[in-house]
Chemist: 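Starting off with a structure, shown below.
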Amino acid sequence: MQLSDHLALENIAVDLPPVSKHKLLRQLADMSAQQTGIEAGLIAKALLARENLGSTGIGRGIAIPHALIEGLPKSLAIVVRLARPIDFEAVDDVPVDIVVLLLSPASGHGQNLNILSCIARQLRHDHTVAALRAARSADEIFVLLTSS
């Protein structure tokens, strides 16, 4: 499975102004709604419900918020690099500046886990994370995440 199957260049935002964790999740829901046609409120509710189970901040300034969405025809990934890190209640208490949103169809739980694993593999390398932080454009981030 390749991240490029679920991530489009137009779904990458660079140097997004920092906001609170909850506002960011709502912004991501709005961005997702534009791509999927599914109501932003439903997406936000699913993201917040997942986040209430435990932070999706995985450490090293990275978060991977994710949710299963009823009626979503296929998985969608959105990558955001914030202009400045925000508190995300991450497992290591390090503020987050790289966010990879993953939405998957409610019927595709196995697929969701495969894509999450793919994202985690990409982000486990310090050199990849450093390159994401140094990237000057969405194009550079797209190539970094989809070239392997």
Side-chain angles (χ1 to χ4, degrees), residues 1 3-124 128-129 131-142 144-146:
M1 174 166 297
L3 186 54
S4 58
D5 295 337
H6 309 284
L7 176 66
L9 178 58
E10 61 268 14
N11 291 339
I12 299 174
V14 177
D15 294 334
L16 202 67
V19 293
S20 71
K21 173 182 173 177
H22 287 250
K23 285 183 181 177
L24 176 61
L25 292 174
R26 291 184 192 284
Q27 283 180 327
L28 291 170
D30 289 341
M31 292 168 72
S32 302
Q34 292 174 5
Q35 295 292 322
T36 65
I38 294 177
E39 184 184 332
L42 294 174
I43 296 170
K45 183 177 178 181
L47 289 171
L48 292 168
R50 168 56 191 89
E51 207 62 36
N52 286 335
L53 296 175
S55 178
T56 56
I58 63 169
R60 298 175 26 242
I62 302 166
I64 308 176
H66 55 280
L68 299 173
I69 305 296
E70 198 67 48
L72 187 69
K74 66 178 192 157
S75 294
L76 169 73
I78 294 178
V79 176
V80 172
R81 188 184 69 204
L82 299 172
R84 286 188 318 279
I86 62 170
D87 178 31
F88 214 87
E89 302 165 355
V91 295
D92 61 358
D93 291 323
V94 172
V96 163
D97 64 340
I98 297 173
V99 180
V100 181
L101 170 76
L102 175 62
L103 301 178
S104 294
S107 60
H109 186 65
Q111 179 187 24
N112 183 53
L113 294 176
N114 287 338
I115 300 168
L116 280 171
S117 176
C118 177
I119 293 167
R121 274 193 310 276
Q122 290 279 21
L123 298 176
R124 74 177 169 210
T128 301
V129 175
L132 289 173
R133 289 189 171 114
R136 293 171 299 202
S137 69
D139 290 314
E140 285 183 37
I141 290 175
F142 183 77
L144 281 166
L145 293 175
T146 61

Chemist: Rounded to the nearest 0.5 Å, how far does CG of Leu68 lie from OG of Ser75?
Modeler: 8.5 Å
Chemist: Can you tell me how far the CD1 atom of Ile78 sits from the CD atom of Glu10, to the nearest 0.5 Å?
Modeler: 10.0 Å
Chemist: Please confirm whether the backbone N or O of Thr56 pairs with a side-chain atom of Glu51, one donor and one acceptor, at under 3.5 Å?
Modeler: yes
Chemist: Could you tell me the separation between the CE atom of Met31 and the CD atom of Gln27, rounded to the nearest 0.5 Å?
Modeler: 8.0 Å
Chemist: Calculate, to the nearest 0.5 Å, the distance between atoms CD1 and CZ belonging to Ile141 and Arg133 respectively.
Modeler: 11.0 Å
Chemist: Applying side-chain contact (heavy atoms from CB on, under 4.5 Å), run through His22 and Leu48 and close with a yes or a no.
Modeler: CA-CA 8 Å; His22 287 250; Leu48 292 168; 3.2 Å; yes
Chemist: Look at atom CZ of Arg81 and say whether more than 12 heavy atoms of other residues, nucleotides or ligands are closer to it than 6.0 Å.
Modeler: yes
Chemist: Which value, rounded to the nearest 0.5 Å, describes the distance between Asn11 atom CG and Ser32 atom OG?
Modeler: 8.0 Å
Chemist: Quick one: closest heavy-atom pair of Leu145 and Leu7, and the distance?
Modeler: CD1-CD2, 4.2 Å
Chemist: Roughly how far apart are Gln122 CD and Ile62 CD1, rounded to 0.5 Å?
Modeler: 11.5 Å
Chemist: Do the side chain of Asp30 and the main chain of Ala40 share a donor and acceptor less than 3.5 angstrom apart?
Modeler: no
Chemist: If you take all heavy atoms of Ala46 and Ile69, which pair is closest and at what distance?
Modeler: CB-CD1, 3.5 Å
Chemist: Can you see which heavy atom on Ser55 is nearest to which on Phe88, and at what distance?
Modeler: OG-O, 2.7 Å
Chemist: Can you name the closest pair of heavy atoms from Pro18 and Ile86 and give their distance?
Modeler: CB-CG2, 3.6 Å
Chemist: Run the side-chain contact (heavy atoms from CB on, under 4.5 Å) test on Leu72 and Ile38 for me, step by step, so that the C-alpha distance in whole Å, both residues' side-chain angles and the decisive distance to 0.1 Å come before the verdict.
Modeler: CA-CA 7 Å; Leu72 187 69; Ile38 294 177; 3.8 Å; yes
Chemist: Among Val14, Val19, Ile98, Leu16, which residue meets the side chain to side chain contact (heavy atoms under 4.5 Å, CB included) test with Leu82?
Modeler: Leu16
